[in-house]
Amino acid sequence: MEAEGIWAPQSLSAQFEGSFAYLTVRDRLPTILTKVIDTLHRNKDSFFKEYGEEGIQAEKRAISFLSRLRNELQTDKPVLALTDNAEDTEAWNEYMRRQQDLMEDGRPVSWFKSPWLYVECYMYRRIQEALYMNPPMDKFDGFKEGKTQSFFESQQAIKSLCTYLQELVTNMENMTEIQLRDSFLKLLQVSLWGNKCDLSISGGQDNSQKSSPIDSLPDLQRFILVDNSSMVWSVLVAAQGSRSSGIKNARVDIVLDNAGFELVTDLVLASFLVSAGLAKQIRFHGKSIPWFVSDVTKQDFEWTIMQTVASNHKWMSASGVQWKHFMKEGTWSYHDHSFWTLPHEFCDMAVDAADLYSTLQGSDLILFKGDLNYRKLTGDRKWEHTVPFDQALRGFQPAPLCSLRTLKADVQVGLQPGQAEKLSSQDPDWMTNSKYAVVQFCGPHREQ
Ligand SMILES: O=P(O)(O)OC[C@H]1O[C@](O)(CO)[C@@H](O)[C@@H]1O
Ligand SMILES: [Mn+2]
């Protein structure tokens with residue numbers, strides 16, 4: 001397969017029976033749809049209270065739409081064009097035509113025959129269509145309850161992380177560069193392992209952080225298969241150097257993944273970067289519609305900061321107050337772009353979302369959180385494990401970038417020869433059980 005003249009292997013797909021993609025489309029996706037349907041049922045009374053009979057009728061129509069969708073999926077029907085006239089509808093339909101052109105012998109694009117990345121994203125967009133088509137349901141987030149619950153279930157870990165952050169901030173002035181580096185590396189790893197806590201891999205089951213995140217780090221170190229953290233540090237230090245010479249202010253972009261505990265770990269890392277003077281500006285990127293069960297939307301982002309402020313734990317609330325202030329003064333900002341909820345591989349961004357690509361070019365470092373972002377970075381393809389990360393990016397290089405990801409899908413590049421074979425013999429599920437992680441960097445850097 002060729003895109004922009006750069007060769008890439010086949011896409012992962014449910015057409016390969018027994019593959020993780022196959023099991024996801026067969027088992028996990030219908031379960032997620034069933035949960036959304038249940039959630040709508042359970043909220044019937046509140047729809048009635050808020051919107052009266054109109055609310056109940058809209059809920060019924062959305063449920064029947066979702067039941068049909070589940071049936072289409074389970075019986076491998078052709079995927080349908082979207083009809084909701086939203087901002088991104090045409091982009092989705094255009095992408096469907098592109099997929100159709102890739103099908104051999106003119107078979108229709110369908111759930112089990114097409115690329116996994118495409119059909120999985122498509123399912124979440126169809127859930128949104130069910131709501132868009134049935135106002136006043138269009139504002140409803142069927143995953144909100146799960147995200148809220150995962151935040152509350154991780155309270156202990158959040159408190160201990162915020163306490164750690166506030167201690168660092170208090171002692172920052174007396175810290176040597178080595179201590180600063182050490183603290184940065186710890187918080188980067190906390191943000192990395194925060195990615196274990198998504199709700200999509202567990203079909204919406206509790207996956208929250210229970211133990212102290214800092215204390216767990218030494219035991220987890222050996223599960224990091226590629227660790228380019230020192231390159232990330234070098235890039236930050238270099239950007240800071242140019243800032244002191246008055247050339248620019250270092251800007252870090254964080255492409256967020258999940259709400260709940262993971263989001264807090266990202267906020268803590270971002271808070272540290274600003275307090276330590278390693279970044280002057282942080283731009284968070286989130287989703288504009290509910291996505292992959294637990295992904296952060298603007299509403300989740302604001303809610304999380306508000307809840308942190310309102311905590312009765314001294315250091316948690318102090319952290320929340322600080323974050324609210326960062327947002328107010330513009331040091332932090334939240335952005336969403338429809339591209340993050342399209343099915344495209346990131347190598348398409350320069351052409352298909354040129355505005356987003358050029359915005360990202362202004363960054364000194366982009367952190368991509370989580371598994372789905374990794375799948376999009378590498379195109380979710382059957383790469384050999386030893387292919388270099390920058391090759392799998394196929395020209396996607398808006399700025400120095402780093403993926404922080406626990407492995408939940410069977411695509412992994414940039415390993416040493418023999419490393420994958422050894423892992424397979426020790427732990428056959430190493431690519432999907434989220435026990436392993438990578439900190440994978442691409443971009444120019446100087447070792448510090
Ligand atoms: O929240 P993350 O880390 O992007 O993970 C999303 C999950 O959804 C999947 O895309 C599969 O449903 C996996 O790749 C991953 O388990
Ligand atoms: Mn996610």
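Numbering of ligands and ligand atoms starts at 1, following listing order. Everything numeric here is computed off the predicted structure, so don't read it as measured data.
- Asp257 contributes OD1 as its N, O or S atom closest to the Mn ion (ligand 2).
- On a distance-only criterion, Leu372 and ligand 1 share at least one N/O pair closer than 3.5 Å.
- For the Mn ion (ligand 2), the N/O/S atoms of Asp295 include one lying under 2.8 Å.
- Between Glu72 and Arg68, no side-chain nitrogen of the basic residue sits less than 4.0 Å from a carboxylate oxygen of the acidic one, so the salt-bridge criterion is not met.
- Atoms of ligand 1 found under 4.0 Å from any heavy atom of Ala409, numbered from 1 in the order shown, are 14 (O).
- Under a 4.0 Å criterion applied to the non-hydrogen atoms of Arg28, ligand 1 contributes the atoms 11 (C), 12 (O).
- Close contacts of ligand 1 with Lys408, meaning ligand atoms under 4.0 Å from a residue heavy atom, involve 1 (O), 2 (P), 3 (O), 5 (O), 13 (C), 14 (O), 15 (C), 16 (O).
- When side chains are defined from C-beta on, Val293 does not count as touching Lys35, because their heavy atoms never get closer than 4.5 Å.
- Ligand 1 lies less than 4.0 angstrom from a heavy atom belonging to Trp116.
- Those atoms of ligand 1 with a heavy atom of Asp257 less than 4.0 angstrom away are 1 (O), 2 (P), 3 (O), 4 (O).
- The N/O atoms of Asn195, backbone and side chain alike, include one that comes under 3.5 Å of an N/O atom in ligand 1.
- Close N/O approach between Asp371 and ligand 1 is found [any backbone or side-chain N/O within under 3.5 Å].
- Side-chain atoms of Ser110 and Asp76 form a donor-acceptor pair, as typed in the model, at a separation below 3.5 Å.
- The only option from Leu187, Leu192, Ile158, Leu161 that meets the side-chain contact (heavy atoms from CB on, under 4.5 Å) definition with Thr265 turns out to be Leu161.
- Between Arg97 and Glu94 there is no salt bridge, since none of the side-chain N atoms of the basic residue sits less than 4.0 Å from a carboxylate O of the acidic one.
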Applying ring-ring contact (aromatic ring centres under 6.0 Å, His included), run through Phe368 and Tyr374 and close with a yes or a no.
-> CA-CA 8 Å; Phe368 284 93; Tyr374 192 82; over 10 Å; no
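- Under 4.0 Å from ligand 1, the heavy atoms of Arg375 that appear belong solely to its side chain.
- Asn258 lies close to the Mn ion (ligand 2), since one of its N, O or S atoms is found at a distance under 2.8 Å.
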